[in-house]
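Below is one structure, written out as structure tokens, with a few remarks after it.
Chain naming here is simple, since letters A, B, ... match the order of the sequence lines and numbering starts at 1 in each.
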Amino acid sequence: MSPARDQRQKRRCHPVSRGLPGFLGRRRIASHPCVRAIHARRPPCRLASGRCSPWYSTARQRESARWPVRRPNQVVPVWSVSRFFVPEWAGIRFRADHSGPVAGGEEQNDCIGVAPTLPRPGRGRYNRMRMTESPHVIIADLSDHVDSTVTLEGWLQGKRSGGKVIFLHLRDGTGECQCVVEAGAPTVFEAAGTLTQESSLRISGAIRADDRAPGGFEMSVTALEVVHIAEEYPIARKAHGVDFLMSHRHLWLRSRRPGQILRIRHTMIKACRDFFDDRGFTLIDTPILTPGAGEDTQTLFPVDYFGEEAFLAQTGQLYLESACMALRKVYCFGPTFRAEKSKTRRHLTEFWMLEPEIAFAELDDVVDLAEDMMCHIVARVLERHRADLENLGRELAPLEKVTAPFPRITYSDAVDQLRSPETLIFLEEELVRDRARLAQWMAELKTLEQQLEEARKPWQQEKIRAQMSDLTEVIGDLERDVENRPQHIQLAQSFEWGKDLGGSDETIISRQYERPVFVTDYPREAKAFYMKVSPHDSRVVRNVDLLAPEGYGEIIGGSQREDDADMLEERIKAFGLDPADYGWYIDLRRYGSVPHGGFGLGIERTLSWICGLKHVRETIPFPRLMGRMYP
RNA sequence: UCCGGCGUAGCUCAAUGGUAGAGCGGGUGGCUGUUAACCACUAGGUUGUAGGUUCGAGCCCUACCGCCGGAGCCA
């Protein structure tokens with residue numbers, strides 16, 4: 001490309017930033033309905049009725065608009081606006097006779113080339129947002145742009161080439177799109193050939209529906225701008241070990257699976273917050289740095305606080321109780337820190353917890369709240385992420401059963417159940433079923449072995465080996481499980497009232513129900529000092545745990561709190577703590593004490609269950625585990 | 001803290017105590033419809049570290065380091 005032509009293009013692309021009259025009219029640009037509609041392209045807008053282009057939806061939402069902005073490639077009647085008031089990156093071109101703008105790029109190919117270096121960082125928004133003449137769209141909205149020419153921005157996920165054709169697999173954070181470059185356009189073809197995995201680019205061309213393309217749409221590329229050529233990318237398009245991937249978590253996030261999980265995480269958290277916001281709760285941010293309260297400091301992370309010892313918060317609950325006496329219904333949502341030396345698939349040292357707390361409430365109210373909330377978030381995730389869940393290999397049927405009412409049993413019921421002959425029969429039958437399943441999987445493994453022998457191509461063998469190693473792992477898990485089962489059954493049958501429920505006991509109980517199950521009224525010794533001693537049975541406290549189905553264990557822990565000052569003080573002493581450390585907390589029971597309670601929901605464990613994951617570390621962008629702080 | 005498993009090429013994994021290999025990824029060349037494309041060629045190694053046994057150790061023994069899983073504890 002000649003320097004002179006390059007200059008001409010710059011001029012065409014940046015009319016505003018170069019100080020032309022449009023720049024002076026910036027405010028007018030911003031308020032112009034036409035431009036507001038254009039701005040609306042980020043973030044993408046979707047109407048509840050389905051996918052729609054931001055261009056289109058904005059116009060529809062403003063029915064009385066005097067400035068209807070329709071789809072690209074349509075002539076838009078705009079009269080009293082000067083050509084300089086609309087930035088050209090918006091994709092709106094003006095007719096030479098100033099009769100009005102023409103949306104969309106009719107002359108697509110005259111402004112695009114291969115940028116030899118990174119784009120110069122610009123000062124204004126018009127400089128930063130470039131600048132090709134076709135409208136910039138996101139892949140998620142492609143179905144609205146079939147047969148029109150658009151520009152996509154993204155990263156190269158993969159590349160395949162025939163001699164005279166290159167397939168670029170583009171990812172833009174909203175979806176994936178195959179882009180076809182043909183040798184007919186030599187500059188673009190050559191540039192496409194240099195692209196490495198994860199190189200960033202802007203790419204323009206016509207969108208076509210094509211059954212051969214993954215996702216159903218593909219782009220016939222007419223222009224390509226290389227933003228950055230990536231160095232050799234460590235995460236190849238093949239199976240990797242989890243440890244390797246975790247060490248490259250900062251890059252792994254770009255892959256499909258982490259992306260899906262993190263989007264579900266977002267939906268779930270938003271659903272939680274919407275749930276409480278819609279019910280009149282106030283968000284209270286509780287402190288993360290907390291004084292050493294004489295509590296068991298073994299599971300707390302110490303911090304040097306100007307020479308004094310402080311700790312990272314394990315819960316916001318005590319502070320939340322204070323706020324709940326002020327605002328009645330409150331919740332907090334934030335990170336909590338536990339220095340437990342647990343290296344299991346259910347543990348993180350830093351995880352996120354959602355804790356509501358309500359005044360004038362007894363245990364039943366807390367349980368009702370938890371039940372409503374769980375139904376709400378599971379329904380929301382199912383509504384928005386069916387495809388994602390299926391891609392993750394999650395069976396949907398168990399999630400669809402998550403509807404109120406959940407079974408509610410007391411700890412004593414649970415103990416009886418664990419020891420009952422019915423449970424023994426149930427467990428033994430289950431053991432038989434699992435053994436059968438094991439045999440079935442072994443047979444599958446045999447089949448795969450045969451396929452491996454028959455497979456000629458090395459990569460097919462590789463694929464089959466990967467499947468086999470997956471299956472071997474699953475079989476190993478089940479084998480261990482089946483092996484331990486008799487011991488678990490033994491443990492359950494000889495369970496003594498008074499102990500806390502162990503992991504295997506929880507699993508046994510939750511397996512007997514299709515829905516999450518509430519277990520209430522645990523022995524007081526097994527639970528925290530702040531839980532209210534039951535008025536009906538002084539051996540137990542008014543607490544509740546929610547056990548997720550399918551063996552995922554406890555995802556909610558909550559209680560009605562002790563509201564009597566003397567009783568609370570007594571309990572603090574009984575736990576070997578110093579009431580002086582809890583002065584302000586006991587105060588809450590001195591000034592208008594009311595029955596109140598709440599619970600804590602572990603975001604990662606819940607998400608792990610909803611997504612059907614084996615390990616919680618996949619549910620958080622950058623997991624903190626015992627022995628892992630990087631990246 | 002305790003118990004078990006694993007450390008081999010950038011990645012995933014092979015290799016009876018006897019010449020360290022394959023696939024993917026990288027590089028070069030070929031191919032106009034690929035779906036983790038394919039075909040050919042090519043570069044790539046102090047087998048986690050330190051000792052020991054042996055004519056000979058990736059393989060056996062000891063210690064250490066790292067990772068994974070489980071128990072306890074927890075959401």
Side-chain angles (χ1 to χ4, degrees), chain A residues 157-169 176 178-184 189 196-197 210-215 218 220 231-248 256 296 298-299 314-315 317 335-355 455 457-466 468-469 473 476-477 480-481 483-484 487 491 500-504 506 526-528 545-548 552-558 599-609 614-617 619 625-628:
Chain A
Q157 208 168 30
K159 184 174 78 174
R160 295 176 289 273
S161 63
K164 297 273 162 41
V165 61
I166 299 177
F167 299 96
L168 302 175
H169 193 171
E176 294 163 24
Q178 172 166 290
C179 306
V180 189
V181 183
E182 287 178 293
F189 187 76
T196 51
Q197 191 185 356
D210 193 316
D211 290 340
R212 292 172 296 186
E218 67 177 17
S220 298
E231 292 173 28
E232 191 185 328
Y233 190 62
I235 303 179
R237 306 240 286 157
K238 55 164 289 189
H240 290 277
V242 179
D243 184 48
F244 171 81
L245 289 170
M246 271 300 165
S247 299
H248 294 81
R256 202 176 290 161
D296 181 16
Q298 274 206 331
T299 60
Q314 253 194 349
T315 167
Q317 184 210 311
T336 55
F337 306 89
R338 307 249 167 125
E340 285 157 12
K341 293 189 174 169
S342 303
K343 292 161 80 168
T344 80
R345 57 182 74 172
R346 296 184 309 280
H347 285 87
L348 296 165
T349 53
E350 177 183 315
F351 66 96
W352 287 67
M353 192 154 69
L354 183 92
E355 296 175 276
K457 300 263 161 58
W459 68 270
Q460 285 175 333
Q461 292 177 0
E462 189 70 16
K463 206 168 178 175
I464 293 170
R465 274 210 201 92
M468 280 172 65
S469 90
E473 206 185 323
D477 281 357
R480 201 173 31 241
D481 192 17
E483 232 170 73
N484 293 336
Q487 195 195 337
L491 264 174
D500 202 355
L501 296 176
S504 64
E506 286 182 354
K527 290 288 162 183
D545 282 356
L546 180 65
L547 307 181
Y552 276 88
E554 184 183 345
I555 52 175
I556 281 180
F599 63 85
L601 170 84
I603 294 293
E604 286 77 14
R605 278 197 187 171
T606 307
L607 191 58
S608 184
W609 161 58
K614 263 183 71 178
H615 201 304
V616 285
R617 68 188 155 192
T619 61
L625 300 138
M626 186 187 161
R628 180 179 286 281

### Task
With side chain to side chain contact (heavy atoms under 4.5 Å, CB included) as the test, would you mind laying out the steps for A:V242 and A:K614 before giving the verdict?
CA-CA 12 Å; A:V242 179; A:K614 263 183 71 178; over 6 Å; no

### Query
Run the side chain to side chain contact (heavy atoms under 4.5 Å, CB included) check on A:M353 and A:Q317 step by step: do they pass?
CA-CA 11 Å; A:M353 192 154 69; A:Q317 184 210 311; over 6 Å; no

Does [X] reach a base, just sugar-phosphate, or nothing at all? Heavy atoms under 4.0 Å.
X	answer
A:P214	base
A:I556	sugar-phosphate
A:T606	nothing

Which listed nucleotide ([options]) is nearest to the side chain of [X]?
X	options	answer
A:F244	B:U12, B:C73, B:U34	B:U12
A:F167	B:C68, B:A75, B:G33	B:G33
A:R617	B:G69, B:U34, B:A75	B:G69
A:R338	B:G25, B:C74, B:U1	B:C74
A:A236	B:G25, B:C74, B:G33	B:G25
A:R605	B:A75, B:G33, B:C68	B:A75
A:E218	B:U34, B:A75, B:C31	B:U34
A:R212	B:U32, B:A75, B:U34	B:U34
A:S342	B:C74, B:C73, B:U32	B:C73
A:E232	B:C74, B:G26, B:U34	B:G26

For the [atom1] atoms, the ones on [N] and on [M], what distance do you get once it is rounded to whole angstrom?
N	M	atom1	result
B:A75	B:C67	C1'	25 Å
B:G70	B:A57	P	38 Å
B:C74	B:U53	C1'	47 Å
B:G10	B:C3	C1'	34 Å
B:U28	B:U46	P	25 Å
B:C24	B:G17	C1'	31 Å
B:A36	B:G69	C1'	29 Å
B:A9	B:U42	C1'	15 Å

### Query
Can you tell if the side chain of A:Q178 reaches within under 4.5 Å of the side chain of A:R160, non-hydrogen atoms only?
yes

From [atom1] of [X] over to [atom2] of [N], roughly how many Å is that when rounded to an integer?
X	N	atom1	atom2	answer
A:M626	B:G69	CE	C1'	13 Å
A:M246	B:C11	CE	P	17 Å
A:Q197	B:C24	CD	C1'	11 Å
A:D545	B:C73	CG	P	13 Å
A:Y233	B:G26	OH	P	13 Å
A:Q487	B:A71	CD	C1'	10 Å
A:L625	B:G66	CG	P	16 Å
A:D243	B:C67	CG	P	8 Å

### Query
Closest nucleotide of RNA chain B for A:I555 versus for A:D210: which of these residues is on the 5' side?
A:D210

### Message
On RNA chain B, does the nearest nucleotide to A:G502 precede the nearest nucleotide to A:G158 from the 5' side, or the other way round? Give the residue.
### Response
A:G158

Any-strand Watson-Crick or G-U partner of [N], both distances under 3.5 Å:
N	answer
B:U34	none
B:C11	B:G23
B:U46	none
B:C2	B:G70
B:C55	B:G18
B:A40	B:U28

If the cut-off is 4.0 Å, is [X] near the phosphate of [N], judged by side-chain N/O to OP1 or OP2?
X	N	result
A:R256	B:A36	no
A:H615	B:G69	yes
A:R345	B:G70	yes

Gap separating the [atom1] atom of [X] from the [atom2] atom of [Y], nearest 0.5 angstrom:
X	Y	atom1	atom2	answer
A:I603	A:L348	CD1	CG	12.0 Å
A:F599	A:E355	CZ	CD	10.0 Å
A:L547	A:W609	CG	CH2	11.5 Å

### Query
Residues two or more places apart in sequence or in another chain: which of them pass side-chain contact (heavy atoms from CB on, under 4.5 Å) with A:H347?
A:E340, A:S342, A:T344, A:R605

### Message
Are B:A75 and A:F351 stacked, with the base six-membered ring and the side-chain ring centres under 5.5 Å apart and planes under 30°?
### Response
yes

### Query
Which atom pair, heavy atoms only, marks the closest approach of A:E604 to A:W352?
OE1-N, 3.1 Å

### Task
May I ask you to verify whether the side chain of A:E231 and the base of B:G26 hold a donor-acceptor pair under 3.5 Å?
no

#### Entry: Side-chain-base donor-acceptor pair under 3.5 Å for A:H347 and B:C74
yes

### Query
What class does the angle between the rings of A:H240 and A:F244 fall in, given that below 30° is parallel, 30 to 60° is tilted and above 60° is perpendicular?
parallel

